[in-house]
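Here is the structure we will look at, set down as structure tokens.
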Amino acid sequence: MRELLKSLASQFYEHFTVTQPRPSLHPIPGTKPLTPAAAICPTLLYYIALLFLPPAPPPGVGPRLAKLLRYTLALVAGILFFRLPLAYHVPRSIGLTYQLGLVGIYGGLRVLDAFFISAWWFGRVPKRVTYFHYARSETPTPDHGNGDVLQQREWTDGGVKDPYHHSERANLRKTKSRGSSPVPAQKRGSGSKIVGMNGRSNGAVNPSAPGATSTPINTPALSSGRNTRRQSTTAETASYFFSKTLAGPKPIPVYETAKTDEDYPCTFLDRASWALELELSMRGQGFTWTTADVRHTRKTWLPTIGNRIHSVAMHVLPVQLGAWYIISTVYTKYLASTLEKDDYNPFATATRASVAYKFTRQGELFDSLPIPIQLLLTVALGAFLMSAFSLGHSIFAVMLHPFSPHPLAFFPPLYTTRVWSLTSVRKFWSFGWHRLFARLFLVWGVWPGEWLERKLLGKRANQPADVGKVIGAFGSSALVHAFSVRGVLAGRWSDAAGEMRFFLLNGAAVVAEGVVQRLVKNGRRKLGWSEKMWYDAWIGRMWWIGAVVWSGREFARGWVKSGLVREMAFR
């Protein structure tokens with residue numbers, strides 16, 4: 001144990017002191033090791049600029065001076081963000097160098113969005129949002145003979161047109177009509193809020209729910225008298241307790257609505273808190289530019305600490321360890337013998353006598369793998385990334401729980417639908433994958449795509465432009481990821497084109513499946529058949545898994561060539 005800790009400490013020390021790039025890291029020529037000042041300055045300037053963003057200037061600062069400081073600081077912060085991956089690399093880590101590209105382009109575009117697109121062009125500065133949660137019941141299932149009624153988890157499936165419309169009286173009618181009970185008022189006074197995203201709630205917050213910005217919710221009890229208790233067999237009992245162990249503590253089922261605050265922060269402390277919340281909120285939760293994954297539906301869940309810890313221990317870590325084992329095994333068995341040779345350099349000018357020649361002239365190293373191994377590695381990389389995002393999300397939710405009900409402790413579910421419930425490529429990217437960059441793709445992809453489609457086809461503003469939206473979203477994603485991965489591919493756009501092709505192919509798949517679905521429905525309608533068949537879901541599952549995994553080989557190819565797979569295998 002002592003040797004392991006010593007080794008980890010040594011590696012941690014090397015990350016910040018050794019300037020020689022690690023094996024297989026091929027940074028952009030001319031870049032230098034990242035310095036603390038270069039890493040801190042863009043974020044700090046962005047935060048200071050946000051202090052001057054709300055319409056009313058801070059106390060003691062005139063309107064003109066506030067506007068000058070706002071746009072000057074924002075412009076400098078944006079330039080420094082974009083410069084990060086173009087001027088620096090992390091010598092001892094391929095993964096952190098790759099993430100430096102994501103941070104640089106995401107940060108730069110976010111600054112431009114907050115100050116020059118939203119605030120200056122559209123005149124919309126994000127306001128805080130107050131969330132209201134009302135209890136709802138789950139669907140009961142048979143009791144397996146143990147007297148306990150199991151609950152069937154109802155996963156979200158989207159469908160909210162106006163997530164920011166809120167009326168307490170209207171919500172009370174809705175929840176009653178659905179058979180749910182609102183959150184108990186606990187003798188609140190007139191005009192007081194049930195929930196306050198800004199911490200001004202007069203109700204006690206559920207101590208077991210990290211980031212659950214609501215008062216305690218009592219889910220309606222289910223009557224056990226409706227179920228006939230019978231003698232259970234040993235196998236049924238074992239199955240029951242095994243399923244309970246896998247399910248673990250459940251999140252709290254609620255209906256969620258939201259209300260926008262009328263005013264912006266006025267005091268310096270409130271303004272400082274507002275700026276910090278907005279800067280750290282990638283998905284915009286708690287603000288009026290909340291991304292779609294946070295507000296897919298009013299039927300949602302409030303995870304508890306027990307639920308998050310159980311999910312990490314029973315689901316996330318096993319998936320991550322299993323995926324890592326596959327990645328490590330594939331690397332050791334098929335890739336290590338070539339990638340770890342001294343004369344192997346996929347970016348060098350290859351000669352016939354070099355190891356690089358075989359793979360630069362006759363195909364990438366990834367393409368030399370058997371197709372089943374390529375697909376296995378691709379699935380393992382996807383599962384590893386998915387579980388890594390979930391792990392980080394849950395860890396931060398638990399760590400920041402003591403700040404509840406402060407918005408910084410509000411962590412809505414990262415994934416809203418089980419993978420097996422997905423039946424199309426569109427649903428996978430809308431519900432099955434994280435949407436941390438959704439705001440970026442909306443502003444820099446969806447809106448331009450809609451505008452371009454309407455211009456080219458002469459559509460009016462009230463007409464849908466779905467193809468433009470899809471191509472714009474996936475096109476912007478392709479550029480962002482290609483820009484990031486080129487930082488570990490010696491700055492060569494041609495080698496970073498794999499990730500670009502991956503996202504563009506998935507955008508085309510979304511458009512194609514939409515066309516096919518409409519044709520099938522119209523054909524069935526003309527024949528007098530039902531629009532939906534029992535086998536549609538199975539065909540949909542096979543389609544999206546095949547499309548995403550097969551095109552994902554483009555993604556995996558770049559990760560092999562860049563050395564990311566080697567670093568993930570701890571070699």
Separation between OG1 (Thr72) and CD1 (Ile48), nearest 0.5 Å, reads 12.5 Å

message: Are Leu96 and Leu100 packed together at the side-chain level, in the sense that at least one heavy-atom pair is separated by less than 4.5 angstrom?
response: no

Worksheet item: Is there a donor-acceptor pair under 3.5 Å between the side chain of Arg110 and the backbone N or O of Glu279?
Response: no

- Message: Does the plane of the ring in Tyr71 sit parallel, tilted or perpendicular to the ring in Phe116? Use 30° and 60° as the thresholds.
- Response: tilted

TODO: Could you check His89 against Thr31 for side-chain hydrogen bond (donor to acceptor under 3.5 Å, both in side chains), going step by step and ending with a plain yes or no?
DONE: CA-CA 6 Å; His89 66 269; Thr31 58; 2.9 Å; yes

Interatomic distance, CG@Leu276 vs OG@Ser281, rounded to 0.5 Å, equals 10.5 Å

Within the distance-only criterion (no hydrogens, no angle test), does the side chain of His315 pair as donor or acceptor with the backbone N or O of Ser311 below 3.5 angstrom?
no

| said: On the six-membered ring of Tyr264, is Lys127 placed so that its NZ or CZ lies under 6.0 angstrom from the centre and within 45° of the ring axis? | reply: yes

Flag, side chain of Gln285 to backbone of Phe411, donor-acceptor distance under 3.5 Å: no

Quiz item: Does Ser562 reach the main-chain N or O of Gly558 with its side chain, forming a donor-acceptor pair under 3.5 Å?
Solution: yes

- Query: Taking the side chain as C-beta and beyond, is there a heavy-atom pair between Glu277 and Phe287 under 4.5 Å?
  - Reply: yes

| said: Is it the case that over 12 heavy atoms from other parts of the model lie below 6.0 angstrom from the CH2 atom of Trp120? | reply: no

**Prompt:** Thinking salt bridges, do Lys561 and Asp495 make one under a 4.0 Å N-O criterion?
**Reply:** yes

From the list Leu317, Val312, Val319, side-chain contact (heavy atoms from CB on, under 4.5 Å) partner of Ser387 resolves to Val319

Notebook entry, point to check: Any side-chain heavy-atom pair from Leu102 and Tyr106 closer than 4.5 angstrom?
Noted result: no

For Phe82 and Leu112: C-alpha separation, side-chain torsions, deciding distance, then whether side-chain contact (heavy atoms from CB on, under 4.5 Å) applies.
CA-CA 11 Å; Phe82 287 125; Leu112 294 181; 4.0 Å; yes

Distance col, row Leu25:CG vs Arg566:CZ, nearest 0.5 angstrom, shows 11.0 Å

Q. Under 6.0 Å from the CZ atom of Phe389, do we count more than 12 heavy atoms belonging to anything else shown?
A. yes

In short, Trp121 meets Ile117 closest at the heavy-atom pair CB-O, 3.1 Å

Should the ring pair Trp493 and Phe483 be called parallel, tilted or perpendicular, given that the plane angle runs from 0 to 90° and is split at 30 and 60? tilted

inquiry  = The test is side-chain contact (heavy atoms from CB on, under 4.5 Å); show your working for Tyr98 and Val485 and say whether it passes.
reply    = CA-CA 6 Å; Tyr98 176 83; Val485 77; 3.4 Å; yes

Between the OG atom in Ser390 and the OH atom in Tyr415, the distance rounded to the nearest 0.5 Å is 6.0 Å

The reported gap from CG in Leu53 to OG in Ser118 (rounded to nearest 0.5 angstrom) is 9.0 Å

> Taking the side chain as C-beta and beyond, is there a heavy-atom pair between Leu408 and Leu280 under 4.5 Å?
Replying inline: yes

* To do: Would you mind reporting whether Thr378 and Phe366 have side-chain heavy atoms less than 4.5 Å apart?
  => yes

For Ala38 and Leu84 the tightest heavy-atom approach is O-CD2, 3.4 Å

Tightest non-hydrogen contact, residues Ile105 and Ser484, listed as CG2-OG, 4.2 Å

- Is the shortest heavy-atom distance from the side chain of Val480 to the side chain of Phe503 under 4.5 Å? no

So CE of Met568 and CD1 of Ile327: to nearest 0.5 Å the spacing works out to 3.5 Å

**Request:** Indicate yes or no: does Arg128 engage Asp263 in a salt bridge with an N to O separation below 4.0 Å.
**Result:** no

Requested in this report: Take Asp261 and Val129 through the test side-chain contact (heavy atoms from CB on, under 4.5 Å) and record every step on the way to the result.
Outcome: CA-CA 6 Å; Asp261 286 0; Val129 170; over 6 Å; no

Taking every heavy atom of Trp274 against every heavy atom of Pro126, the minimum-distance pair comes out as CZ2-O, 3.2 Å

Do side-chain atoms of Ser430 reach the backbone of Arg426 as a donor and acceptor pair under 3.5 angstrom? yes

Original post:
Can you find a pair of side-chain heavy atoms, one from Trp447 and one from Leu442, that are under 4.5 Å apart?
Top reply: yes

Measure the shortest side-chain to side-chain distance between Asp113 and Arg439 over non-hydrogen atoms and say whether it is less than 4.5 angstrom.
yes

Residue pairs passing the ring pair (Phe, Tyr, Trp, His ring centres under 6.0 Å) test with at least one member in residues 35-65, sequence neighbours excluded, are none

Q) Once the angle between the rings of Trp433 and Trp429 is folded into 0 to 90°, is it parallel (under 30°), tilted (30 to 60°) or perpendicular (over 60°)? A) perpendicular

Can a donor-acceptor pair be found, under 3.5 Å and without considering hydrogens, that links the side chain of Ser551 to the backbone of Asn506? no

ask   = Are His393 and His434 close enough that their ring centres sit under 6.0 Å apart?
value = no

Closest non-hydrogen atoms of Leu391 and Val316, given as atom of the first, atom of the second and distance, are CB-CG1, 3.8 Å

Closest heavy-atom pair, Phe81 versus Pro42, reported as atoms and distance to 0.1 Å, is CE1-O, 3.6 Å

Heavy-atom neighbours of Phe403 CZ exceed 12 at 6.0 Å
no

Exercise for review: Would you please test Val379 and Ile326 for side-chain contact (heavy atoms from CB on, under 4.5 Å) and show each step?
Suggested key: CA-CA 10 Å; Val379 171; Ile326 294 173; over 6 Å; no

